[in-house]
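Reminder, nothing fancy here: chain letters follow the sequence lines and each chain counts from 1.
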Protein chains: 2
Amino acid sequence: MEKEKVKDRIIRVASDLFYKQGFNSTGINQIIAEADIAIGSLYNHFSSKNELLKVYLIKEELKWFDGFEKHSSKLIKAKDKIFTLVDYRKELQNSSGFSGCHFIKINAELGDSNPVISEFVMKHKEKQKIMIKELITEYNKEDGSVNADAITENIFLLLEGAVVISTINKNADAFDQTKKIIKGLLP
Amino acid sequence: MEKEKVKDRIIRVASDLFYKQGFNSTGINQIIAEADIAIGSLYNHFSSKNELLKVYLIKEELKWFDGFEKHSSKLIKAKDKIFTLVDYRKELQNSSGFSGCHFIKINAELGDSNPVISEFVMKHKEKQKIMIKELITEYNKEDGSVNADAITENIFLLLEGAVVISTINKNADAFDQTKKIIKGLLP
DNA sequence: GTCTATAGCTAGATAGAC
DNA sequence: GTCTATCTAGCTATAGAC
């Protein structure tokens with residue numbers, strides 16, 4: 001295994017801090033301390049804290065879709081893939097100590113102050129919804145005949161609600177409820 | 001009309017800033033500038049920025065339930081009260097420029113750094129859910145025989161999802177979808 | 001009860017040695 | 001390409017005059 005490069009270590013440390021304690025609450029000094037580098041090195045690799053934020057979000061998006069691909073690729077039926085989407089988001093919450101969705105979090109924290117990030121978050125959620133719709137369309141070919149747009153929106157909103165509420169409550173109950181509801185939606 | 005007292009002006013200005021640009025991004029200096037007072041006056045009324053945060057959240061919770069009471073008290077049937085809950089949250093979002101839920105926002109911003117606030121947010125959402133359950137129980141007495149717990153959770157999660165997604169997308173589409181779905185849940 | 005002045009600290013970012 | 005030293009600006013909070 002190759003040794004982790006400085007740039008990658010900065011990204012890893014910064015990402016973890018941005019997620020766990022928030023972007024505004026994370027200082028450059030804390031990042032360089034935990035990455036064990038000098039401040040000059042950080043600014044050699046990244047032009048600003050904001051650039052580090054963009055790199056973080058782009059990487060998290062890739063991780064999110066790759067992670068779901070790994071969870072669902074072994075499954076054959078679209079119905080099972082949809083159920084495993086609930087399991088996947090539950091697992092992400094469990095393993096992060098219910099720290100929430102990276103994208104909802106940063107959007108809540110930045111509000112309207114950073115349009116580039118706001119648009120990135122909007123597009124990310126749109127991608128998630130499109131992915132769900134593709135699964136529902138696949139499901140209709142295999143087993144069902146549901147209204148794809150309506151069921152997609154329903155599942156999409158339930159999942160976002162479940163993530164937010166599980167973050168607040170620090171438990172996964174909302175995902176279990178969500179799975180039951182979705183089972184009822186896909187006969 | 002009585003002149004607004006200094007303390008109330010501080011609360012109003014701070015609340016607006018906390019909501020619109022975030023708690024961490026709002027400085028004491030900005031609050032006193034926009035409230036047009038000296039810093040000594042602020043600390044005469046409030047012991048810390050954190051106390052101001054607590055007052056803000058308590059006040060917003062009161063406003064939330066009072067606002068819904070005003071919207072729903074004139075309605076007779078529980079079913080209509082549930083529909084008007086969707087309208088109410090849609091209206092809150094519209095009138096704030098889709099700035100999101102005060103409580104989800106502060107929870108996302110603070111993470112686990114402030115347990116007192118985290119617990120307040122948790123209890124607030126629990127109160128909302130209990131309110132929904134009371135409406136569903138009332139509905140069952142009048143018109144229906146749905147599974148109260150399951151339908152409550154379903155409506156609750158859909159609404160939270162709709163608030164989050166409407167905040168990200170800066171439009172009310174998610175509420176219109178949510179209303180349609182809820183209409184299907186309450187025959 | 002409102003004011004000014006300021007303490008003590010941390011923020012993000014830059015300059016320049018090596 | 002990593003380092004130290006440092007800049008300017010901002011932060012929360014306090015002291016003490018009036």
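Following rounding to the nearest Å, L42(A) (CG) and dT4(D) (C1') show an atom-to-atom distance of 15 Å. In this structure, N44(A) atom CG and dA15(C) atom P are separated by 14 Å, rounded to whole Å. L17(A) places its CG atom 12 Å from the P atom of dA11(C), with the value rounded to the nearest Å. Atom NZ of K5(B) is separated from atom C1' of dT2(C) by 17 Å (rounded to the nearest Å). Spacing between atom CZ of F46(B) and atom P of dT2(C) amounts to 11 Å, rounded to whole angstrom units. Distance CD1 (I32(B)) to C1' (dG10(D)): 13 Å, rounded to an integer number of Å.
Contacts with DNA chain C (heavy atom under 4.0 Å) in residues 107-119 of chain B: none are found.
Relative to the ring axis of F83(B), K183(B) places its NZ or CZ within 45° and under 6.0 Å from the centre. Remark: K7(B) is positioned above the aromatic ring of F46(B), its terminal NZ or CZ atom under 6.0 angstrom from the ring centre and at most 45 degrees off the axis. Under a cutoff of 6.0 Å and an axis angle of 45°, K49(B) and F23(B) form a cation-pi pair.
Between Y88(A) and H71(A), the ring-plane angle classifies as tilted under the 30° and 60° cut-offs.
Ring pair F18(A)/H102(A): centre-to-centre distance not below 6.0 Å.
Contact check, S41(B) against dC3(C): a side-chain N or O comes under 4.0 Å of OP1 or OP2.
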Which pairs, protein N/O on one side and nucleotides 11-18 of chain D N/O on the other, fall under 3.5 Å?
residue : atom : partner : partner atom : Å
dC11(D) : OP2  : N29(B)  : ND2          : 3.1
dT12(D) : OP1  : T26(B)  : O            : 3.4
dT12(D) : OP1  : K49(B)  : NZ           : 2.9
dT12(D) : OP2  : I28(B)  : N            : 2.4
dA13(D) : OP2  : Y43(B)  : OH           : 2.9
dA13(D) : OP2  : K49(B)  : N            : 2.9

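Across all non-hydrogen atoms, the minimal contact from S166(A) to Q93(A) is OG-NE2, 2.7 Å.
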Sequence neighbours left out, cut at 3.5 Å: what donor-acceptor pairs do the side chains of residues 129-138 of chain A make with other protein atoms?
residue : atom : partner : partner atom : Å
K129(A) : NZ   : E153(A) : OE1          : 3.0
K133(A) : NZ   : D149(A) : OD1          : 2.9
T137(A) : OG1  : K133(A) : O            : 2.7

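Residue R9(B) holds its CZ atom at 7.0 Å from CD1 of I37(B), rounded to the nearest 0.5 Å.
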